[in-house]
Amino acid sequence: MKYENIIEGKFIKRPNRFIAHVEINGKEEIVHVKNTGRCKELLTHNATVLCQYSDIPTRKTKYDLIAVYKGKKLINMDSQAPNKVFGEYLKEGRFTQGLTYIKSEYTYNSSRIDFYCEKGEEKYLIEVKGVTLEDNGVVLFPDAPTRRGVKHINELIEAQNKGYHCTIAFVIQMDNVKYFTPNRKTHSEFADTLIKAEKAGVEILCLDCHVTKDTLEIKNRVNYKL
C-alpha cells in the first residue's frame with residue numbers, strides 16, 4: 001500500500017487516544033492518531049513521526065499520524081494498514097494460490113472476521129492483528145487487554161472444528177524482528193486462548209513488513225513462541 005502527501009514532524013504530546021500534538025514545519029499542529037492503542041513506547045516526546053496531509057475541508061484535522069521512528073527503526077502505526085496490506089497479500093496469491101473468492105468484514109456468529117475466502121470447496125476465515133509493540137527485537141500483541149481479540153480467537157476455534165481453515169495473522173508493522181510472542185503480562189487470557197487455538201489446528205501466521213516513509217508491504221513469515 002502507498003500513502004500520499006507524507007510529511008515529517010516531531011511528537012509533542014497525546015492528550016487522548018484520538019489526537020496528538022505534533023510540530024510540523026515549525027508549527028504545533030493537532031493531528032489525528034490512526035491507532036487507539038496505548039503506543040506509549042512509540043509516542044515519546046520529540047520522537048520523529050510521519051504524518052499524512054489531507055486538504056479535505058470538512059476534516060477536523062489536516063493530518064493523520066501514521067508512522068514513528070523508534071531509534072532508527074521505522075514503525076507503521078496505522079491501525080487500518082494491516083488489513084489493507086493483508087488484502088493485497090491475499091490477492092497476490094501469497095497466502096495460498098488459487099483463491100476463488102475473497103470477502104472482507106465477514107460476519108461469523110456474533111463476530112466480524114476480517115476475511116472470508118474460498119478455494120473450490122475449501123473455506124477460510126482469517127483474523128488480522130496489527131503489531132506495533134517491540135522490545136529488543138521481540139514483537140508482542142496486544143499492548144492493552146483485548147476482550148474482542150479473545151472472542152475472535154474463540155470464534156475461529158469453533159469454525160476450525162466445523163471444517164473451516166482458520167488463521168490468525170499477526171501483521172508486524174516493522175521489519176528486522178527476532179520473533180513474535182503474545183504479551184502475557186498485559187493479557188494472559190489472550191495468550192492462553194492463542195495456545196488453545198494452535199492446539200485446535202488454527203494457523204498462527206506472523207508476517208513482518210517492509211516500511212518506508214510512504215509505503216507498507218508484507219515481507220516474510222516470522223517465527224513465533226507461545
Any side-chain donor-acceptor pair under 3.5 Å between [X] and [Y]?
X: K62; Y: S54; value: no
X: Y3; Y: D78; value: yes
X: T146; Y: R148; value: no
X: Y108; Y: E127; value: no

| Do the numbers put K225 on top of the ring of Y179, so that NZ or CZ is under 6.0 Å from the six-membered ring centre and no more than 45° off the axis? |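 Yes, K225 and Y179 form such a contact.
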Taking the side chain from [X] and the backbone from [Y], do they hold a donor-acceptor pair closer than 3.5 Å?
X: N5; Y: Q52; answer: no
X: T186; Y: D143; answer: no
X: D214; Y: K2; answer: no

Open item on the list: Surrounding NZ of K91 (heavy atoms of other residues, nucleotides or ligands, distance under 6.0 Å), is the total greater than 12?
Closed with: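 Not more than 12 within 6.0 Å, no.
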> So does K196 have more than 12 non-hydrogen atoms from other groups sitting under 6.0 Å from NZ?
Replying inline: no
Practice item. Answer with yes or no whether the hydrophobic clustering places M77 together with V22; edges join I, L, V, M, F, W, Y residues whose side-chain heavy atoms lie under 4.5 Å apart. Key: yes
Checklist entry - If two hydrophobic side chains count as joined below 4.5 Å and joins carry through other members, does I113 share a cluster with V128? => result no
Requested in this report: List for me each residue that meets ring pair (Phe, Tyr, Trp, His ring centres under 6.0 Å) alongside Y63, sequence neighbours excluded, and say none if there are none.
Outcome: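 Expected list: Y53.
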Review point. Looking at OG1 of T36 and NZ of K34, how far apart are the two atoms once the value is rounded to the nearest 0.5 Å?
Key: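 Interatomic distance, T36 OG1 to K34 NZ, rounded to 0.5 Å: 12.5 Å.
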- Parallel, tilted or perpendicular, as decided by the 30° and 60° cut-offs, for the rings of Y116 and Y106: parallel
Quick note, side chain to side chain donor-acceptor pair (under 3.5 Å) partners involving residues 159-175, not counting sequence neighbours, are N76-Q173, E122-H165, E158-K162, T167-E203
message: Using the rule given for salt bridge (Lys or Arg N to Asp or Glu O under 4.0 Å), can you reason through E134 versus K70, listing the C-alpha separation, both sets of side-chain angles and the distance that settles it, and then say yes or no?
response: CA-CA 9 Å; E134 179 265 347; K70 184 181 179 185; 2.8 Å; yes
- Task: With sequence neighbours excluded, tell me which residues meet side-chain contact (heavy atoms from CB on, under 4.5 Å) with E105.
- Result: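 In terms of side-chain contact (heavy atoms from CB on, under 4.5 Å), with neighbours along the sequence ignored, E105 is linked to N83, R112, D114.
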